[in-house]
Protein chains: 2
Amino acid sequence: MKRRGLREAEQRLADADYRLTPQRALILRLLFEHQGEHLSAEELHALVGRTNPEVGLATVYRTLELLTELRVLQAVDLGDGRARYELAGEDRHSHHHLLCLSCGRVEEVRDDLLERLEQSVEAEHGFAILDHQVKFVGLCRECRTRERWKDDPERGEGEGPGG
Amino acid sequence: MKRRGLREAEQRLADADYRLTPQRALILRLLFEHQGEHLSAEELHALVGRTNPEVGLATVYRTLELLTELRVLQAVDLGDGRARYELAGEDRHSHHHLLCLSCGRVEEVRDDLLERLEQSVEAEHGFAILDHQVKFVGLCRECRTRERWKDDPERGEGEGPGG
DNA sequence: GTAACTGCAAAGGATTTGCACAGTT
DNA sequence: AACTGTGCAAATCCTTTGCAGTTAC
């Protein structure tokens, strides 16, 4: 569905006089195929490696950096100590994430109230907002419903249906 | 003025059966003396070293971790690749930061609209929010006034009330 | 053809950890 | 004594970088 986005992204590379190497093309494709998964460099490298084991991790890092620079990607911090990436929204910066403590899932939020908040901040602090990062940590609807939280005083639980 | 907070923090250590060692006492004191500066582990270690060069960096890290666990501190990510810390508000989680791209200053925000936003998110996503992190990146009033920004060909026009 | 790109491995910076010693209870 | 806490240094983790060989344009 977002196939067009891929073309645009490739075009943006060309427009900025960068080469569309097979590595970059593959990485870009995977990024679009795994939209919404917030892949890290290493995860992406693993994905790349499925078909092209030759591609080095450094290349993945370099490509990620390049694509971020070109505003094709945006780095997001999900609090696990590594950078994760998502496709950058065309019109608007929109990293508002709901991070579930129980299952680790990441939902995206789009809420007009945030714009309201920005306006308020700009007005009250005289601060010109260029970008933002909003992250809510808590329990998603499902985990909350499951109530598997009250049992666990500490933490560690295997959320594994895959087992 | 916030001397009482220091005592409370020390008490919290004791309550949790941790010892108030000279290192911890010093670190805690410095943390209160440098409120609002968002010190990193290494900065704090340097401060500690002014009077007690013997204290190791690892101890600072360990203390920071401990104090965070005890909710005396909160780690904040200001985007410079290292963890920074601030005293945790008693009643309310409150890391809402305005990070100025020009001078690097960090302001704190307290805005009711954020609570409104939280409620909206809880209602619409069924997500139980336990904590949040909100960071706005842009230009503070002063840097904005100085207009040292318009020189930059990168960003050009856009939001220009100055017009 | 050639500057851009890649892969590899080594380097880098922040944070953690293993371990023997020191300080408390 | 039995632990907890500390200092040091080595280890770890993510990410970057140097360099020689490769390749897209």
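The chains referred to below are lettered A, B, ... by the order of the sequence lines, with proteins before strands, and numbering in each begins at 1.
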Side chain of [X] only, please: which of [options] is the nearest?
X: A:Arg62; options: C:dC8, D:dG5, D:dG7; answer: C:dC8
X: A:Tyr61; options: C:dG7, D:dT15, D:dA9; answer: D:dT15
X: A:Ala58; options: C:dT6, D:dT17, C:dT15; answer: D:dT17

Interatomic distance, [X] atom [atom1] to [Y] atom [atom2] [nearest 0.5 angstrom]:
X: A:Leu70; Y: A:Gln11; atom1: CG; atom2: CD; result: 12.0 Å
X: B:Arg82; Y: B:Asp80; atom1: CZ; atom2: CG; result: 5.0 Å
X: B:Arg24; Y: B:Leu64; atom1: CZ; atom2: CG; result: 12.0 Å

What pair of heavy atoms forms the shortest contact from B:Cys140 to A:Phe127, and how long is it?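 Where B:Cys140 meets A:Phe127 most closely, the heavy atoms are CA-CD1, 3.5 Å.
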Sidechain-backbone polar pair: A:Thr145 side chain, A:Arg141 backbone, donor-acceptor under 3.5 Å: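 Yes, because the side chain of A:Thr145 sits within donor-acceptor range (under 3.5 Å) of the backbone of A:Arg141.
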Candidate list A:Leu87, A:Val72, A:Leu31, A:Leu28, test side chain to side chain contact (heavy atoms under 4.5 Å, CB included), partner A:Leu6, passing option: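 Exactly one candidate clears the test, A:Leu28.
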Provide, to the nearest angstrom, the distance between the [atom1] atom belonging to [X] and the [atom2] atom belonging to [N].
X: B:Leu64; N: C:dT17; atom1: CG; atom2: P; value: 15 Å
X: B:His45; N: D:dA9; atom1: NE2; atom2: C1'; value: 13 Å
X: A:Leu44; N: D:dT15; atom1: CG; atom2: C1'; value: 15 Å
X: B:Tyr85; N: C:dT15; atom1: OH; atom2: P; value: 7 Å
X: B:Leu66; N: D:dT4; atom1: CG; atom2: P; value: 13 Å
X: A:Asp77; N: D:dT15; atom1: CG; atom2: P; value: 10 Å
X: B:Ile27; N: D:dG5; atom1: CD1; atom2: C1'; value: 12 Å
X: A:Leu78; N: D:dC14; atom1: CG; atom2: C1'; value: 16 Å

So, OP1 or OP2 of [N]: does either fall under 4.0 Å of a side-chain N or O from [X]?
X: B:Gln23; N: D:dG7; value: yes
X: B:Arg82; N: C:dT15; value: no
X: A:Thr59; N: C:dG7; value: yes

Under 30°, 30 to 60°, or over 60°: which ring-plane class applies to A:His132 and A:His96, parallel, tilted or perpendicular?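 If you compare the ring of A:His132 with that of A:His96, the planes turn out tilted.
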Strand-adjacent residues in residues 48-57 of chain A, judged by heavy atoms under 4.0 Å from DNA chain C: A:Glu54, A:Val55, A:Gly56
Please encode protein proximity along nucleotides 20-25 of chain D as a string of B, S and -, counting only heavy-atom distances under 4.0 Å. ---BBS
Out of the candidates B:Glu43, B:Glu37, B:Gln74, B:His38, only one should pair with B:Arg84 under the side chain to side chain donor-acceptor pair (under 3.5 Å) rule; please name it.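 The side chain to side chain donor-acceptor pair (under 3.5 Å) with B:Arg84 is passed solely by B:Glu43 among B:Glu43, B:Glu37, B:Gln74, B:His38.
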Residue list, salt bridge (charged side-chain N to carboxylate O under 4.0 Å, His left out) with A:Glu107, at least two apart or on another chain: none
